[in-house]
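Keep in mind it's a predicted model, so treat the numbers as computed, not measured. The analysis underlying the following values was restricted to heavy atoms, covering all of them including side chains, and did not include hydrogens, waters or symmetry mates. We name chains A, B, ... by the order of the sequence lines, and we start the count at 1 in each one.
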Protein chains: 2
Amino acid sequence: MEDREISRAVIGRLPRYYRYLGELLDEGVERISSSDLSKKMRVTASQIRQDLNNFGGFGQQGYGYNVKYLYTEIGKILGLDRTHNIIIIGAGNLGQALANYVGFEKSGFILKGLFDVNPRLEGVTIRGIPIRRMDELKAFIRHNDIEIAVLTIPKSKAEEVAGVLVEGGIQGIWNFAHTDLVLPDNVIVESVHLSDSLLELSYNISSSEKDTENN
Amino acid sequence: MEDREISRAVIGRLPRYYRYLGELLDEGVERISSSDLSKKMRVTASQIRQDLNNFGGFGQQGYGYNVKYLYTEIGKILGLDRTHNIIIIGAGNLGQALANYVGFEKSGFILKGLFDVNPRLEGVTIRGIPIRRMDELKAFIRHNDIEIAVLTIPKSKAEEVAGVLVEGGIQGIWNFAHTDLVLPDNVIVESVHLSDSLLELSYNISSSEKDTENN
DNA sequence: TAGATTGTTAATCGATTAACAATC
DNA sequence: TAGATTGTTAATCGATTAACAATC
């Protein structure tokens with residue numbers, strides 16, 4: 001229906017709005033103005049209003065925004081009005097950590113399967129979910145309506161496994177491998193490059209030290 | 001010395017340059033032009049040259065960039081020409097996963113200590129490093145020249161623990177707690193909001209589905 | 001020298017902020 | 001009605017891209 005392209009910057013801020021609204025909701029706050037929210041979130045009120053108006057007019061002049069309503073609406077925008085079946089590929093430390101995190105389940109991301117290249121892990125269960133062999137992967141995606149694959153495997157295997165996921169009809173990949181996957185446009189990739197993040201921290205520390213020396 | 005402020009966008013791209021240059025180095029590539037690198041990285045050559053020239057002229061007209069030299073120089077910019085002592089606070093699944101990841105060590109981030117609020121974990125070791133009690137934290141930072149703290153604890157405790165870290169004189173916090181820490185300006189915070197990242201993936205999947213329906 | 005490719009200036013594009021009329 | 005605050009247009013700011021002279 002609507003065709004207006006929403007900018008990457010706006011999309012990147014949506015989850016943060018959702019998070020703050022969720023907290024306000026927990027605190028029992030009923031309504032909030034863009035101005036008050038801007039102080040909490042440390043962004044401009046103008047940006048908040050601009051961002052939200054990409055998706056519709058959720059507020060009311062003279063009143064502000066109803067917290068519960070806005071929270072629900074942003075939830076819908078983020079696709080949280082339904083569940084998403086996910087699998088984790090790579091049952092190493094990180095894969096297991098993510099598998100054990102129940103917060104995702106609460107948001108509707110249901111862990112349906114675990115996979116690992118190591119055949120010795122076959123049958124081991126995490127939260128009752130058995131680790132499967134990679135050769136079952138493609139069929140499993142198809143038969144269990146899997147939407148998202150979490151990739152927690154070494155980069156050496158990532159491109160190859162991603163190929164299998166695409167063949168299986170995966171819609172999105174949450175990529176923790178230390179590489180940028182190049183895949184067809186209809187497959188969404190969201191990468192979490194932990195090392196990159198740590199290096200950015202390192203840069204910021206180093207450069208702030210230099211500032212201190214010079215002032 | 002230099003005062004020119006480097007934009008956040010540029011800084012955010014540095015680790016990625018470093019990653020690609022490292023791969024080229026491994027492949028034995030000696031030199032590369034901004035144009036060839038731009039094809040590999042799927043950015044414009046113009047952006048690469050602009051970004052790098054924030055830090056100095058690393059290339060040579062008619063030749064391009066020497067891979068090894070550029071890799072080393074970006075490494076220095078990122079603060080990788082020296083080691084950084086780190087601690088992990090929160091020895092849950094994620095904390096343990098990060099503790100077990102040896103890649104960070106290779107980049108010079110040395111794990112010196114582990115801490116957890118759960119006293120029953122005291123003395124348990126990971127890679128030979130014992131888990132300590134929180135009441136040792138402040139002194140440990142001071143006496144062991146700890147620069148970075150990795151925060152893998154629930155958000156309910158994050159703000160409080162961050163306060164202790166600041167008192168101990170920490171320079172940077174790699175924050176995995178599901179909250180935005182508000183700390184003095186001289187303490188660098190780099191947050192990895194995994195849930196936010198997953199929600200962004202969810203949004204992108206949902207919106208691409210809508211596109212498909214309408215085309 | 002001729003060709004290649006940088007470093008850098010200028011042009012464009014997009015995102016953020018400011019301002020204010022609309023309206024609850 | 002008066003006050004508050006949105007939704008939205010306009011102004012500003014910053015980041016990206018294009019272009020090209022400098023130079024290896």
Side-chain angles (χ1 to χ4, degrees), chain A residues 2-17 20-21 24 29-74 77 200 203-204 207, chain B residues 2-17 20-21 24 29-74 77 200 203-204 207:
Chain A
E2 62 174 42
D3 246 352
R4 207 155 27 95
E5 198 61 47
I6 313 272
S7 85
R8 187 147 284 282
V10 173
I11 295 163
R13 285 192 291 266
L14 280 182
R16 189 157 180 266
Y17 289 129
Y20 276 83
L21 288 163
L24 287 167
V29 177
E30 214 171 81
R31 67 188 182 97
I32 192 155
S33 67
S34 58
S35 164
D36 286 351
L37 187 57
S38 82
K39 277 164 207 144
K40 258 197 176 307
M41 294 186 65
R42 306 180 151 233
V43 297
T44 63
S46 215
Q47 181 167 76
I48 292 173
R49 295 203 300 277
Q50 283 277 22
D51 282 354
L52 296 179
N53 277 96
N54 279 291
F55 303 96
F58 300 122
Q60 193 170 80
Q61 283 98 330
Y63 172 88
Y65 299 87
N66 178 289
V67 172
K68 189 169 185 183
Y69 173 68
L70 186 55
Y71 177 77
T72 309
E73 288 304 311
I74 296 183
I77 293 165
E200 198 173 334
Y203 170 86
N204 285 130
S207 76
Chain B
E2 63 173 41
D3 246 351
R4 205 155 26 94
E5 199 62 47
I6 314 273
S7 86
R8 187 148 284 280
V10 173
I11 295 163
R13 286 192 291 266
L14 280 183
R16 189 158 180 265
Y17 289 128
Y20 276 83
L21 288 163
L24 288 168
V29 177
E30 214 171 82
R31 67 188 182 98
I32 193 154
S33 67
S34 59
S35 163
D36 285 352
L37 187 57
S38 82
K39 276 163 207 145
K40 259 196 175 306
M41 293 186 66
R42 307 182 150 231
V43 297
T44 63
S46 215
Q47 182 167 77
I48 292 173
R49 295 202 299 278
Q50 284 277 24
D51 282 355
L52 296 180
N53 277 97
N54 279 291
F55 303 96
F58 300 122
Q60 192 169 79
Q61 282 98 331
Y63 172 88
Y65 299 87
N66 178 288
V67 173
K68 188 170 185 183
Y69 173 67
L70 186 55
Y71 177 77
T72 309
E73 288 304 309
I74 296 182
I77 293 165
E200 199 174 333
Y203 170 87
N204 285 129
S207 76

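By the 4.5 Å heavy-atom criterion applied to side chains, B:Asp36 and B:Lys40 are not counted as neighbours. Taking the side chain as every heavy atom from C-beta outward, B:Ile77 and B:Tyr17 never approach each other to under 4.5 Å. Using a 4.5 Å cut-off on side-chain heavy atoms (C-beta onward), A:Leu24 and A:Leu37 make contact. At a threshold of 4.5 Å between non-hydrogen side-chain atoms, the residues B:Ile32 and B:Leu70 do not count as touching. Proximity of A:Leu14 to B:Glu200: side-chain heavy atoms (C-beta onward) are nowhere separated by under 4.5 Å. For the pair B:Arg13/B:Gln47, a side-chain contact is recorded, criterion being any heavy-atom separation below 4.5 Å from C-beta on. Residues B:Ile74 and B:Phe55 have side chains not in contact (no heavy-atom distance under 4.5 Å, counting atoms from C-beta outward). Looking at B:Leu21 and B:Tyr65, their side chains never come closer than 4.5 Å, going by heavy atoms from C-beta outward.
As a whole-Å value, the separation of B:Phe55 CZ from C:dT8 P is 14 Å. Summarising the geometry, the separation between CZ on A:Arg8 and P on C:dA15 is reported as 11 Å, rounded to the nearest angstrom. Going from atom CD of A:Gln47 over to atom C1' of D:dG7 covers 16 Å, rounded to whole Å. The distance from atom CG of B:Leu70 to atom P of C:dT5 is 16 Å, rounded to the nearest whole Å. Between A:Asp51 atom CG and D:dG7 atom P the separation is 12 Å, expressed in whole Å. Straight-line distance from the CG atom of A:Leu52 to the P atom of C:dT16: 14 Å, rounded to whole Å. Rounded to whole angstrom, the span from the CG atom of B:Asn53 across to the C1' atom of C:dT5 amounts to 12 Å. For A:Ile32 and D:dT6, the CD1 to C1' distance is 14 Å, given to the nearest whole Å.
For A:Tyr63, no side-chain nitrogen or oxygen approaches OP1 or OP2 of D:dG7 to under 4.0 Å. Distances shown here put a side-chain N or O of A:Thr44 below 4.0 Å from the OP1 or OP2 atom of C:dT17. At C:dA4, none of the side-chain N or O atoms of B:Arg31 fall inside 4.0 Å of OP1 or OP2 (strictly under the cut-off). Considering only side-chain N and O atoms, B:Ser34 lies under 4.0 angstrom from the phosphate OP1 or OP2 of C:dT6.
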Can you tabulate the close N/O pairs, meaning under 3.5 Å, that link protein atoms to atoms of nucleotides 10-14 of chain D?
none

I'd like a list of close polar pairs between nucleotides 19-22 of chain D and the protein, N/O only, cut-off under 3.5 Å.
residue	atom	partner	partner atom	Å
D:dA19	N6	B:Arg49	NH2	3.2

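In DNA chain C, runs of at least 3 consecutive Watson-Crick or G-U pairs, each pair with both distances below 3.5 Å, span C:3-24 with D:3-24.
Nearer the 5' end of DNA chain C, as judged by each residue's closest nucleotide, is the contact made by A:Val43, out of A:Gly62 and A:Val43.
Atom CD1 of A:Ile6 and atom OG of B:Ser207 lie 8.5 Å apart (nearest 0.5 Å). Here the CD atom belonging to B:Glu73 is positioned 11.0 Å from the CG atom belonging to B:Leu52, to the nearest 0.5 angstrom.
B:Asp51 contributes no side-chain N or O that, together with a main-chain N or O of B:Ile48, makes up a donor-acceptor pair within less than 3.5 Å.
Residue-level contact check: A:Arg13 touches the backbone only, with heavy atoms under 4.0 Å from sugar-phosphate atoms and none from bases.
In this structure, B:Ser38 and B:Ala45 approach most closely via the heavy-atom pair CB-N, 3.4 Å.
Closest to the side chain of B:Gln60, from the set D:dG7, D:dC24, D:dT6, is D:dC24.
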